Amino acid sequence: KFRMPTAENLVPIRLDIQFEGQRYKDAFTWNPSDPDNEVVVFAKRTVKDLKLPSAFITQIAQSIQSQLSDFRAYEGQDMYTGEKIIPIKLDLRVNHTLIKDQFLWDLNNFESDPEEFARTLCKDLGVEDPEVGPAVAFAIREQLYEIAIQSVASARESRLSKKGRRGSDHGSASKASGLSMDLMKLFSFKSSVVRKRKDLDVYEPVVDLLTSEEVDALEARAERHAR
């Protein structure tokens with residue numbers, strides 16, 4: 001059944017709220033089993049700590065609840081079963097640290113811990129900024145969440161195919177079919193476990209420390225893109 005393929009079934013929540021000339025951006029994980037009233041408590045505490053206008057309370061609470069509802073809508077549904085070794089890609093800038101990496105992740109390992117993996121990765125790469133580890137863990141969880149959703153679509157398509165009811169649900173079936181084909185291509189490959197030499201650089205982590213001028217230029221470019 002649907003759940004995050006990790007030891008802790010946590011939902012990645014991303015917020016980007018603008019109101020009265022102020023902007024609040026954040027990314028964190030949330031336990032979907034927690035009582036819903038905790039969302040409002042969190043929103044009030046956040047607004048108080050960051051000295052945001054009180055109107056942000058409703059905005060934050062509604063955004064979190066909406067994302068939790070999307071996650072819960074998948075609970076109880078079947079997921080695609082089979083070989084699930086997927087590539088996870090990182091391309092992040094956290095403050096002055098730019099980190100790029102690519103590695104394989106086993107979706108059948110429900111004891112995996114993205115937070116512990118991120119701590120180990122940062123330690124191995126000599127990353128000192130304490131905000132990088134949580135950002136890496138969140139990026140991993142976001143990608144695992146997307147794959148889990150695709151797995152549900154693939155399982156649904158497989159079920160429809162067996163029952164011969166594709167014609168009755170043509171729109172969703174055809175969309176799920178594309179996802180199913182992508183997953184089958186990804187999970188059913190047969191090749192050597194040793195990477196080809198031309199692929200070695202792709203799986204080599206890259207960590208750069210940016211100057212303040214480089215950070216300002218990247219933020220200005222991102223702001224122009226957002227507008």
Side-chain angles (χ1 to χ4, degrees), residues 1-14 27-33 67-92 99-122 124 133-163 165-166 169 172-205:
K1 300 298 181 180
F2 175 84
R3 60 156 291 160
M4 288 290 289
T6 55
E8 292 185 280
N9 187 38
L10 302 177
V11 186
I13 301 290
R14 187 178 289 277
F28 48 85
T29 55
W30 195 277
N31 188 338
S33 300
Q67 294 177 67
L68 288 175
S69 295
D70 290 342
F71 182 89
R72 289 166 178 161
Y74 290 101
E75 291 181 331
Q77 298 191 44
D78 293 331
M79 294 177 67
Y80 173 87
T81 56
E83 185 179 4
K84 297 183 183 179
I85 305 296
I86 64 162
I88 296 290
K89 297 182 180 180
L90 300 178
D91 189 352
L92 304 172
I99 181 169
K100 296 183 179 182
D101 199 4
Q102 179 170 306
F103 43 85
L104 299 178
W105 197 276
D106 182 6
L107 291 185
N108 282 320
N109 180 10
F110 283 84
E111 297 301 318
S112 65
D113 187 340
E115 286 73 26
E116 179 61 29
F117 177 89
R119 284 191 291 269
T120 302
L121 179 69
C122 290
D124 291 346
V136 169
F138 185 86
I140 294 172
R141 284 191 177 276
E142 268 195 326
Q143 293 177 64
L144 293 178
Y145 183 23
E146 289 299 318
I147 292 293
I149 292 174
Q150 291 180 23
S151 297
V152 170
S154 297
R156 186 184 303 128
E157 166 64 11
S158 177
R159 212 163 47 243
L160 289 174
S161 299
K162 290 179 181 178
K163 293 181 179 179
R165 291 193 284 111
R166 276 187 182 171
D169 190 17
S172 60
S174 55
K175 181 180 178 182
S177 177
L179 292 170
S180 177
M181 289 302 295
D182 290 342
L183 286 171
M184 291 303 291
K185 289 177 183 176
L186 182 61
F187 299 149
S188 301
F189 63 87
K190 293 182 179 180
S191 61
S192 169
V193 296
V194 180
R195 293 194 181 103
K196 298 177 181 178
R197 185 171 296 276
K198 64 182 179 65
D199 294 332
L200 296 183
D201 290 342
V202 177
Y203 287 89
E204 182 180 3

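Any value given below was found using the heavy atoms of this structure, including those in side chains, with hydrogens, waters and symmetry copies removed. Remember, predicted model here, so these are calculated numbers, not experimental data.
If you take CZ on R141 and CE on M4, they are separated by 5.5 Å, rounding to the nearest 0.5 Å. Rounding to the nearest 0.5 Å places CD1 of I13 at 7.5 Å from CZ of F138. The structure places CD1 of I85 at 4.0 Å from CG of D106, a figure rounded to the nearest 0.5 Å. Considering CZ of F110 and CG of N9, their distance stands at 9.5 Å, rounded to 0.5 Å. With rounding to the nearest 0.5 angstrom, the NZ atom of K84 is 12.5 Å from the CG atom of N109. We find the OG-CD1 distance between S154 and I149 to be 12.0 Å, quoted to the nearest 0.5 Å.
Between the side chain of E142 and the backbone N or O of P12, no donor-acceptor pair lies under 3.5 Å. The closest donor-acceptor contact from the side chain of D91 to the backbone of K100 lies at 3.5 Å or more, if one exists at all. A donor-acceptor distance shorter than 3.5 angstrom exists from the side chain of Q77 to the backbone of A73, with no hydrogens or angles considered. Checked by atom type and distance alone, the side chain of Q67 pairs as donor or acceptor with a backbone atom of R14 at under 3.5 Å. Counting only distance, with no hydrogens or angles, the side chain of S112 and the backbone of L107 share no donor-acceptor pair below 3.5 Å.
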Run the ring pair (Phe, Tyr, Trp, His ring centres under 6.0 Å) test on F71 and W30 for me, step by step, so that the C-alpha distance in whole Å, both residues' side-chain angles and the decisive distance to 0.1 Å come before the verdict. CA-CA 11 Å; F71 182 89; W30 195 277; over 10 Å; no
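By the 4.0 Å N-to-carboxylate-O rule, E116 lies close enough to R119 to be salt-bridged with it. A salt bridge links K1 with D78: the closest approach of a Lys/Arg side-chain nitrogen to an acidic carboxylate oxygen falls below 4.0 angstrom.
In this pair, W105 and F117 present their aromatic rings perpendicular. The plane angle is above 60°, beyond the 30 to 60° band.
Contact detail for R3 and E8: the closest heavy-atom pair is NH2-C, 3.9 Å. Between A118 and A137, the closest heavy-atom pair is CB-N, 3.8 Å.
Under the rule for a salt bridge (charged side-chain N to carboxylate O under 4.0 Å, His left out), E146 has no partner lying at least two apart in sequence or in another chain.
For the pair E75/P32, a side-chain contact is recorded, criterion being any heavy-atom separation below 4.5 Å from C-beta on.
Only one option out of T29, I140, V136, I88 pairs with P114 in a side-chain contact (heavy atoms from CB on, under 4.5 Å); it is I140.
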